[in-house]
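Take a look at the structure below.
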Number of protein chains: 4
Amino acid sequence: MLETALRIFARDGFHNADVQVIADEAGVGKGTVYRHFGNKQELFLANSAHCMQMVDAFVRNRVGDEEKAAKLIAEVGPIAVLKKIAMACAEFYQKYPETVEIMIYERAEFRGSVPAHLMFRSETRNGIDELIKAGIAAGAIRHVNVNEATNAYGDLIFGSVINGCLAGAKAKLVRRMEHAIDIFLNGLAGDQA
Amino acid sequence: MLETALRIFARDGFHNADVQVIADEAGVGKGTVYRHFGNKQELFLANSAHCMQMVDAFVRNRVGDEEKAAKLIAEVGPIAVLKKIAMACAEFYQKYPETVEIMIYERAEFRGSVPAHLMFRSETRNGIDELIKAGIAAGAIRHVNVNEATNAYGDLIFGSVINGCLAGAKAKLVRRMEHAIDIFLNGLAGDQA
Amino acid sequence: MLETALRIFARDGFHNADVQVIADEAGVGKGTVYRHFGNKQELFLANSAHCMQMVDAFVRNRVGDEEKAAKLIAEVGPIAVLKKIAMACAEFYQKYPETVEIMIYERAEFRGSVPAHLMFRSETRNGIDELIKAGIAAGAIRHVNVNEATNAYGDLIFGSVINGCLAGAKAKLVRRMEHAIDIFLNGLAGDQA
Amino acid sequence: MLETALRIFARDGFHNADVQVIADEAGVGKGTVYRHFGNKQELFLANSAHCMQMVDAFVRNRVGDEEKAAKLIAEVGPIAVLKKIAMACAEFYQKYPETVEIMIYERAEFRGSVPAHLMFRSETRNGIDELIKAGIAAGAIRHVNVNEATNAYGDLIFGSVINGCLAGAKAKLVRRMEHAIDIFLNGLAGDQA
DNA sequence: CATGAATGAGTTTTCATTCAT
DNA sequence: TATGAATGAAAACTCATTCAT
């Protein structure tokens with residue numbers, strides 16, 4: 001039911017999606033949808049939240065939970081971990097492009113009332129903040145404003161995902177992200193700049 | 001009339017905007033709106049296009065047209081120009097945050113049928129491509145894939161604008177962009193990375 | 001349109017009435033109904049108010065406006081005028097039984113938010129109050145509590161109208177009222193009571 | 001369960017009452033309500049009938065059953081008994097104002113399919129008829145049309161109850177009825193009329 | 001040309017009723 | 001027998017679009 005809603009919302013958008021269609025394709029009565037979610041908006045927001053949990057789980061699976069992540073950072077360094085996270089996002093969204101559409105509708109219709117993107121989640125932000133702080137302390141990262149660096153990192157990922165999943169470009173998000181994150185980490189400027 | 005529509009669409013979104021309200025606030029009859037734009041979608045798309053022309057004009061005014069731009073590049077170098085363009089965008093969107101909303105609705109509802117962002121415009125892309133190519137030739141920019149670098153540049157600007165204009169953060173887009181573009185150009189990684 | 005609504009509301013009741021049906025039978029689009037009345041409740045309340053104006057006009061036509069009424073009272077006395085008013089009501093409701101149903105729905109659904117009966121209208125009440133006061137002064141009416149007497153008078157009329165217009169009894173309201181008002185004015189008790 | 005239904009129906013009206021709410025507040029499953037009453041209408045009608053039994057019992061308790069009533073009539077006379085009955089009604093409805101609302105909805109939605117008011121019950125009517133007949137025979141009551149007098153008596157009680165229980169006036173029904181029935185029995189007109 | 005009243009297709013939402021457990 | 005999740009018919013209401021004035 002949530003999966004059907006996800007598909008329909010992603011395909012038609014919030015307003016053009018007809019709850020009747022969602023119910024039909026989910027093989028349940030319309031009343032059942034309303035019984036479970038209360039109204040169309042709640043149904044959509046439940047989708048939004050679900051999407052976010054999915055990215056979160058996907059990325060965590062790549063990077064590891066707490067201890068594993070700490071170990072990874074020690075092994076490969078914060079820069080490599082930042083790259084790993086970005087690439088995990090790219091993989092996820094390339095695999096589930098519908099979630100990108102949900103994210104956009106969420107921003108468009110509800111202006112971020114529920115965070116639909118990993119980087120809008122305070123927990124995630126804190127993690128990135130810590131990572132960057134540690135990187136700076138270790139000399140692996142330049143002396144940048146941590147908060148703004150996290151913003152920039154999130155903005156790049158967000159922008160790449162949104163623009164890399166426009167119709168026709170869907171299959172190339174991973175590659176797009178790879179180049180983008182490389183420039184972000186190492187800089188566009190040449191040595192003599 | 002277009003300005004009123006811009007305001008209403010930005011405030012209410014495409015579907016929630018009522019053509020009657022736009023007509024009323026513009027001080028014209030509803031029929032007049034339809035006479036001029038054909039239908040609601042065209043009205044919105046006209047707005048989208050108009051927004052793009054406004055950013056375009058604003059940035060051009062900052063950077064200069066053709067010859068002036070060439071001169072500027074020669075003077076300050078391609079890296080500085082890339083920064084100048086990004087900052088011009090930030091200034092513009094901070095000044096006219098409604099256009100950000102239009103851009104998002106355009107992406108959400110019409111999936112980019114009309115480019116509503118500077119970086120979605122092929123003409124702009126070509127300019128950036130040339131700029132980067134020249135920078136590489138001059139050694140000011142690393143040997144990156146030009147097309148992907150342009151993508152990354154656009155994605156970062158897009159992401160910063162969208163996320164920097166969420167309610168509450170509107171006044172800080174310029175600062176946000178400044179940090180973001182600095183990292184993008186010079187890299188997040190420290191010397192010993 | 002109002003007349004059609006009156007008929008349908010009277011026939012089906014507030015909730016069972018379908019605005020679509022009203023629109024159809026009135027020969028207009030449903031949107032037109034909503035354009036004019038805002039919503040179903042307003043449409044109904046407009047009916048209520050209209051009914052009251054109709055009774056009011058009918059009774060005034062029988063009794064006369066201000067001066068004429070004063071003249072009539074002087075001629076036939078307050079008791080006869082009270083009877084005349086009650087009979088005018090009976091005649092009206094026997095002629096337009098649908099208005100009785102409206103009155104009941106108004107009381108049931110909206111608990112008298114708009115006075116739907118003549119006797120619920122403060123203007124009318126004041127008139128009756130004056131009439132009774134004058135009657136008492138002239139010795140034609142017993143020394144009763146004026147306010148309560150007006151209540152009682154209104155209650156009797158209301159009760160007779162409601163119960164006299166139940167299905168099957170519609171044609172007999174005038175006769176029913178005649179007996180009722182006679183008892184009310186002259187008393188049920190016999191001389192030796 | 002019936003008591004809960006009574007409360008909800010009185011508060012919300014027939015259509016606005018939600019069977020789910022009734023079931024919830026009664027602490028039973030919705031299915032149980034349907035098992036017992038068949039459908040919403042039957043549930044309401046059962047309430048109606050129950051209300052009538054309650055007034056009936058209340059009044060009978062005041063006046064006495066058959067023999068007692070006969071004795072009472074002999075003692076105080078038919079006029080006093082008519083007053084006693086009316087006052088008993090007033091007391092009852094002032095004490096249980098929800099039953100008034102039920103009565104109105106019954107009249108509005110079902111047009112008296114089940115008598116919800118004492119005076120709509122043929123048994124009661126017969127009793128009043130007898131009382132009046134006896135009163136006439138004894139000279140305590142004027143030579144009126146018995147059937148119409150019973151009508152008038154019922155109409156006055158009905159009107160007083162309905163109008164005396166509108167929001168705000170609930171506490172004053174007894175007083176209202178006292179004045180009304182006094183006028184009804186003794187007449188509004190003064191001696192010289 | 002401009003207008004705005006009329007329209008009705010399209011959607012959301014509710015809730016009485018059923019029936020498998 | 002009691003339950004309450006599932007259902008879908010029914011209705012209110014909106015608003016883009018048209019077209020007569």
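Just so it is clear: chains get the letters A, B, ... in the order the sequence lines come, proteins before strands, and each one is counted from 1. All values reported here derive from a predicted model rather than from experimental measurement.
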Quiz item: How far does OH of D/Tyr105 sit from OH of C/Tyr105, to the nearest 0.5 angstrom?
Solution: 12.0 Å
Exercise. Report the secondary structure of DNA chain E in dot-bracket form, marking unpaired bases with a dot and bases paired to a different strand with |, and treating Watson-Crick or G-U pairs with both distances under 3.5 Å as paired.
Key: .||||||||||||||||||||
Quiz item: Considering residues, nucleotides and ligands other than D/Glu3, do more than 12 of their heavy atoms fall under 6.0 Å from its CD?
Solution: no
Self-check item: B/Phe14/B/Phe44 aromatic ring centres below 6.0 Å
Solution: yes
Exercise. Mind calculating the distance between CZ (C/Phe37) and P (F/dC13) to the nearest angstrom?
Key: 14 Å
Quiz item: Atom CG of A/Asn39 and atom C1' of E/dT13: how far apart are they, to the nearest Å?
Solution: 9 Å
Practice problem: Grab the CZ-C1' distance between C/Arg35 and F/dA12 for me, whole Å please. | Solution: 18 Å
Quiz item: From the list F/dA16, E/dT11, F/dT7, which nucleotide is the closest neighbour of the side chain of A/Thr32?
Solution: F/dT7
Quiz item: CD/A/Glu109 to CD/A/Gln41 distance, rounded to the nearest 0.5 angstrom?
Solution: 9.0 Å
Practice problem: To the nearest Å, give me how far apart CD (A/Glu42) and P (E/dT12) are. | Solution: 15 Å
Practice problem: Let me know the distance between CG of C/Asn16 and P of E/dT14, rounded to the nearest Å. | Solution: 19 Å
Exercise. Mind checking A/Gly29 for me? I need base, sugar-phosphate or nothing, with any heavy atom below 4.0 Å counting as a touch.
Key: sugar-phosphate
Quiz item: Within this structure, what is the CD1-to-C1' distance between D/Ile8 and E/dA16, rounded to whole angstrom?
Solution: 16 Å
Quiz item: When we call it a touch if two heavy atoms are under 4.0 Å apart, what does A/Lys30 touch: a base, just sugar-phosphate, or nothing?
Solution: base
Quiz item: Can you tell me how far the CZ atom of D/Arg121 sits from the CG atom of D/Asp56, to the nearest 0.5 Å?
Solution: 4.0 Å
Quiz prompt | Interatomic distance, C/Ile162 atom CD1 to D/His117 atom NE2 [nearest 0.5 angstrom] | solution = 12.5 Å
Practice problem: Can you tell me the distance, in whole Å, between the NE2 atom of C/His36 and the P atom of E/dA5? | Solution: 8 Å
Exercise. Round to a whole Å and report the spacing from OH of A/Tyr34 to C1' of E/dA16.
Key: 18 Å
